Amino acid sequence: MRIGIIGFGYWGTILARCFARAPHVEICCIADIAPERLVEARRQFANAVLTSTSAEAVDMEDADVLVIATPSNTHHEIAKAALEAGKHVWIEKPVAETAEQATALVLLAQERKRLLFIDHTHIYSDSIRLIKQMMAEKDFGEMQRYHSVRINNGRARKDSSIFHDLAVHDLAILDFLVGEGPLAVAVTGQAEDEEQHIALTYSSGLKAEIRVNWCAPDRVRRITISSHDQSIEFDDTQLRDKVRIHQHLSPGAPAINFGDIGSGRHNGSVLPLESTTETLANAVENFLHCIRTGERPASDGWQGVRLAAILDACLCSAKGVGQWTEVGR
């Protein structure tokens, strides 16, 4: 299978290397507007065609797949052209800037019988898959609360909101685990703020909270999922023992919240992983498998539409100074 890479920045470089390691795959084309990035592309992929425009990559007749790792405000235009040219598309999150754009891409992919795969990498994590498996066990019960913290020790971005850049990761995980969309969302600040708290309500009674921060001193990646009797905790910054399960002390005890930094996470029982494959490699393998078999991936275009609708509602809530905003269907 021949792969074209559009965007050879930080993430595009990682994607190119990961695809190149997959069996029966060739990187045939790399596009980037920056000359220095094309120099690096030539060093890493001597046989690939290099171009400074996405249009030339789209027009390459022998490319079966286009991998899009460009700024989010370019996603809709490039993906639309790629699908119209008959290519399968892997696209970095978010799929588009609005739910309307995302829906248009999904319908186009269906019309052209091509796969539109959204790079919601984290739902292909062995740990997240284990958590979903544990939640399906009868003794876990119905999920009542979801709390996640995603903190970067970096810089705020000017080309994307914190919702589209950070929160979308946790929204994808939540969508994958819950299997239903929220009724409404409310946020605590303005879209350009460096920190946000997002609250979500569901028809099942589930209450979810997502905390994201661009510029804190520490890097945090933590999720806690609680039912009446148990809580599952995931800490992605740990090198091992990432997933633990906690038994609530007594019937009717409040859901345990391990979202804050410094919580006593080691009181829980470790859930062993049967596999520790690199998460991105899992995602690439699933993408290629779905192209070959016609199966539907977890991060298909419709998941992108659901998340785009939530992101639209987050932006609307931010403009309304934190008012509850219904999520469009």
Side-chain angles (χ1 to χ4, degrees), residues 1-7 11-30 45 48 57-58 60-69 75 78-79 82-96 102 105-136 168-169 171-179 236 242 273-307:
M1 193 173 298
R2 292 170 62 81
I3 310 288
I5 307 291
I6 301 179
W11 192 240
T13 303
I14 293 174
L15 287 170
R17 291 173 183 168
C18 196
F19 272 98
R21 291 197 296 265
H24 311 299
V25 165
E26 176 188 354
I27 304 299
C28 67
C29 173
I30 297 174
F45 300 98
V58 168
M60 281 198 64
E61 293 185 0
D62 57 348
D64 306 297
V65 173
L66 287 179
V67 175
I68 301 171
H75 286 182
I78 297 175
L83 291 168
E84 288 176 340
K87 315 296 187 186
H88 299 287
V89 170
W90 166 301
I91 189 165
E92 188 182 4
K93 57 79 186 171
V95 59
L105 289 177
V106 172
L107 295 177
L108 178 59
Q110 291 180 340
E111 176 188 330
R112 299 304 173 98
K113 295 181 171 55
R114 290 295 179 266
L115 178 61
L116 176 63
F117 185 100
I118 319 304
D119 185 3
H120 297 150
T121 310
H122 296 289
I123 70 173
Y124 297 94
S125 156
D126 292 324
S127 296
I128 296 299
R129 298 282 168 137
L130 174 62
I131 290 171
K132 189 174 179 69
Q133 177 185 336
M134 292 303 301
M135 289 172 56
V168 67
H169 293 297
L171 291 171
I173 293 170
L174 183 56
D175 178 88
F176 175 68
L177 295 177
V178 174
D236 201 24
K242 290 176 180 283
L273 288 172
E274 294 182 1
S275 171
T276 54
T277 309
E278 179 190 0
T279 298
L280 183 57
N282 286 342
V284 167
E285 180 183 8
N286 183 256
F287 173 61
L288 297 174
H289 172 79
C290 289
I291 290 176
R292 294 177 178 126
T293 64
E295 294 179 19
R296 179 177 176 180
S299 60
D300 68 351
W302 287 117
Q303 188 190 45
V305 170
R306 293 193 298 274
L307 299 196

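Just so you know, residue 1 is the first one in the sequence shown, and it goes up from there. Bear in mind that the values here come from a model prediction, so they are computed numbers and not experimental data.
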Requested in this report: Evaluate the side-chain contact (heavy atoms from CB on, under 4.5 Å) criterion for residues Trp302 and Arg296: first the C-alpha distance (whole Å), next the side-chain angles of each, then the deciding distance (0.1 Å), finally the verdict.
Outcome: CA-CA 10 Å; Trp302 287 117; Arg296 179 177 176 180; 3.8 Å; yes
**Report entry** Student check: side-chain heavy atoms of Leu280 and Trp11 closer than 4.5 Å
**Finding:** yes
**Report entry** side-chain contact (heavy atoms from CB on, under 4.5 Å) between Lys242 and Asp236, intermediate numbers included
**Finding:** CA-CA 6 Å; Lys242 290 176 180 283; Asp236 201 24; 3.0 Å; yes
Query raised in the report: Do Glu278 and Arg21 have side-chain heavy atoms sitting under 4.5 Å apart?
Result: yes
Query raised in the report: Which heavy atom in Ala20 sits nearest to a heavy atom in Ile27, and how many Å separate them?
Result: CB-CG1, 4.0 Å
Query - Nearest non-hydrogen partners of Gly12 and Ile5, listed with the distance - result: O-CG2, 4.1 Å
Report task. Please lay out, stage by stage, how Thr279 and Asp126 fare under the test side-chain contact (heavy atoms from CB on, under 4.5 Å). Result -> CA-CA 7 Å; Thr279 298; Asp126 292 324; over 6 Å; no
Query raised in the report: Taking the side chain from Asp300 and the backbone from Gln303, do they hold a donor-acceptor pair closer than 3.5 Å?
Result: yes
Query raised in the report: Under 3.5 Å, side chain of Arg2 to main-chain N/O of Asp62, donor-acceptor pair present?
Result: yes
Query raised in the report: If you look at every heavy atom in Ala79 and Ile91, which pair is closest and at what distance?
Result: CB-CD1, 3.8 Å
**Report entry** Nearest-0.5 Å distance, CG of residue Leu15 to CD1 of residue Ile6
**Finding:** 12.5 Å
Report summary line: Note: Met60 and Cys29 closest approach over all heavy atoms is SD-CB, 3.1 Å
Query raised in the report: Is the backbone N or O of Glu84 less than 3.5 Å from a side-chain atom of Arg112, with the two atoms forming a donor-acceptor pair by type?
Result: yes
Query raised in the report: Between Val65 and Phe287, does a side-chain contact (heavy atoms from CB on, under 4.5 Å) hold up when you go through it step by step?
Result: CA-CA 10 Å; Val65 173; Phe287 173 61; 3.7 Å; yes
Report summary line: Of all heavy-atom pairs linking Cys28 and Gly4, the shortest is SG-N, 4.3 Å
Query raised in the report: How far does OG1 of Thr121 sit from CD1 of Ile128, to the nearest 0.5 angstrom?
Result: 12.0 Å
Query raised in the report: Does His75 use its side chain to pair, donor to acceptor, with the backbone of Pro94 at less than 3.5 Å?
Result: yes
**Report entry** Any donor-acceptor N/O pair, Lys87 side chain to Ala63 backbone, under 3.5 Å
**Finding:** yes
Requested in this report: Enter the distance from Ile291:CD1 to Met1:CE here, rounded to the nearest 0.5 Å.
Outcome: 4.5 Å
Report task. Give a yes or no answer on whether the side chain of Arg129 reaches the backbone of Ile123 with a donor-acceptor pair at less than 3.5 Å. Result -> yes
Query - Straight-line distance of Leu171 CG to Leu307 CG, nearest 0.5 Å - result: 6.0 Å
Requested in this report: Over all heavy atoms of both residues, which pair between Cys290 and Glu295 is shortest? Give the atoms and the distance, please.
Outcome: CB-O, 3.3 Å
Query raised in the report: From Leu116 CG over to Leu83 CG, what is the distance, rounded to the nearest 0.5 angstrom?
Result: 6.0 Å
Requested in this report: Report the relative orientation of the aromatic rings in Tyr124 and Phe117; use parallel for angles under 30°, tilted for 30 to 60°, perpendicular for over 60°.
Outcome: parallel
Report task. Step through the shown structure and confirm whether more than 12 heavy atoms of other residues, nucleotides or ligands are within 6.0 Å of CD on Glu26. Result -> yes
Query - Distance, nearest 0.5 Å, that separates OG1 of Thr13 from CD1 of Ile30 - result: 8.0 Å
Report task. Could you tell me whether a side-chain N or O of His88 sits under 3.5 Å from a main-chain N or O of Leu115, the two making a donor and an acceptor? Result -> yes
